[in-house]
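One-based numbering, in listed order, for ligands and for the atoms of each. By convention here, the first residue in the shown sequence is residue 1.
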Amino acid sequence: MKVVIPAAGQGTRFLPATKSMPKEMLPVLDRPVIQYVVEEAVASGADDITIITGRGKRALEDHFDHNPELAKYNDLPAMRGLEHLAERATIHFVRQRSPRGLADAVACAAKHVGNEPFGVLLGDTINLCEPPLLRQLWDRFEELGSRSSVLAVETVPDSKVSDYGIIAGPQVRPGVFEVKQLVEKPTLAKAPSRLGITGAYVLTPAVFEAIRSTPPGRNDEVQLTDALDRLRKGEKVYAVTFQGVRYDIGDRFLWLRTNMEFALRDPELRDRLRPYLKELLA
Ligand code: G1P
């Protein structure tokens, strides 16, 4: 499976931390977020991953590259995981020349992806799902005939509607919606439902043509949501709910919360963190 991971966004919600460091390199415990995303792709069956980067994102390439000076540490359990990823998947990097939107970033991989369906995961979002989220989406894609794009959605609270792409359409089987409308970050009053696009997709290659004919939308950027709204006029697009939890690390509260939750699940950290938190809050 080919997977494209857009990681070219500027991370302005997390300045100044992201001034000279890609937001995808922010650590959750001891791993940068991008590593969790690549792990999820590989666990879902990806053997070919293209990360879309941009200016100031070189650390992403270095993270997955071999480092001879650190080779003696490669057998440490923590480093083994990283080596394992490199053994299971080929990781390519493509630079987006300027931040022109999520759809434009995905289109940077068009030549490499070619004429086959592919997965997309966002470089700043960790999905803790079993089976892994992209695997769940790919299984749905196959169940639905292997010719329609499938995107993950979840119900979002009213206060968050304007942070998401929102879809609407009839439920055609439990947890599967045939998409009839997609709107990028609508106001609550204009939102056609509360089903928010979470940022994981299996797309047909026809999406590239849809992106080419999509004009810039919100923020003057070419939005993937708008391109998918074009795509669904030519072929079916489905939205599906999924099992699991999504962690967006895009601002300081979300990042802190993700670290807390992961630390409370970590066998080494939780026994020290629990009493510490109790003491701190007392
Ligand atoms: C992107 C998409 C949006 C989606 C969101 C999920 O927006 O454009 O449709 O709902 O990811 O996180 P961003 O968060 O990059 O602004």
Side-chain angles (χ1 to χ4, degrees), residues 4-15 18 22-24 26 33-34 36-37 40 51-54 57 96 98-108 119-129 133-134 137 149-169 177 179 181-188 190-203 207 210-211 214-232 237-242 244-255 257-258:
V4 177
I5 303 177
Q10 289 175 305
T12 47
R13 284 185 296 158
F14 214 143
L15 283 169
T18 50
K23 64 175 166 174
E24 297 81 7
L26 287 164
V33 173
I34 190 72
Y36 290 88
V37 181
E40 184 199 329
I51 301 180
I52 313 298
T53 68
K57 299 272 186 174
Q96 185 187 28
S98 54
R100 294 186 52 225
L102 183 58
D104 182 75
V106 171
C108 291
V120 174
L121 289 172
L122 301 183
D124 63 355
T125 303
I126 302 174
N127 298 293
L128 263 198
C129 305
L133 180 53
L134 206 49
L137 294 187
S149 298
V150 172
L151 36 140
V153 290
E154 65 185 11
T155 303
V156 297
D158 287 2
S159 60
K160 293 279 173 201
V161 158
S162 60
D163 291 344
Y164 287 88
I166 301 289
I167 70 106
F177 302 83
V179 178
Q181 206 185 343
L182 296 103
V183 196
E184 179 67 2
K185 305 198 174 119
T187 59
L188 186 57
K190 293 227 168 103
S193 82
R194 298 291 176 270
L195 288 173
I197 300 170
T198 68
Y201 314 75
V202 170
L203 301 175
V207 76
I211 294 172
T214 301
R218 240 191 117 80
N219 286 341
D220 209 22
E221 292 178 347
V222 187
Q223 299 294 344
L224 189 55
T225 305
D226 297 343
L228 292 173
D229 201 37
R230 277 182 180 237
L231 181 67
R232 62 133 193 114
V237 171
Y238 293 99
V240 305
T241 55
F242 59 95
V245 191
R246 187 177 60 94
Y247 295 92
D248 171 352
I249 53 87
D251 70 30
R252 57 191 195 153
F253 175 75
L254 292 172
W255 173 78
R257 195 185 74 171
T258 306

Taking atom 1 (C) of ligand 1 as the reference point, the nearest protein heavy atom with its distance: Leu102 CD2, 4.1 Å

Protein contact to atom 4 (C) of ligand 1 [nearest heavy atom, distance to 0.1 Å]: Ile197 O, 3.3 Å

Minimum non-hydrogen distance to atom 8 (O) of ligand 1, winning option of Arg13, Lys160, Glu184: Glu184

Leu134 side chain near Leu121 side chain, heavy-atom distance below 4.5 Å: yes

Side chain to side chain, Phe177 and Tyr238, heavy atoms closer than 4.5 Å: no

Rounded distance [0.5 Å steps], CZ in Arg246 versus OG1 in Thr258: 10.0 Å

Residue pair Asp104 / Gln96, side-chain donor-acceptor N/O under 3.5 Å: yes

Gly199, any N or O under 3.5 Å of ligand 1 N or O: no

Ligand 1 N/O within reach of Asp163 N/O, cut-off under 3.5 Å: no

Within-shell test, Thr198 vs ligand 1, heavy atom, strictly < 4.0 Å: yes

Numbering as shown, the atoms of ligand 1 that approach Thr225 to under 4.0 Å (heavy-atom distance): 9 (O)

Atoms in ligand 1 flagged as close to Lys185, the criterion being non-hydrogen separation under 4.0 Å: 7 (O), 13 (P), 16 (O)

CD (Glu221) with more than 12 external heavy atoms under 6.0 Å: yes

Heavy-atom neighbours of Arg194 CZ exceed 12 at 6.0 Å: yes

Salt-bridge criterion met for Lys185 and Asp163 (N-O under 4.0 Å): no

Part of Leu122 within contact of ligand 1 (heavy atoms, under 4.0 Å): side chain

Is_contact(atom 15 (O) of ligand 1), protein non-hydrogen, under 4.0 Å: no

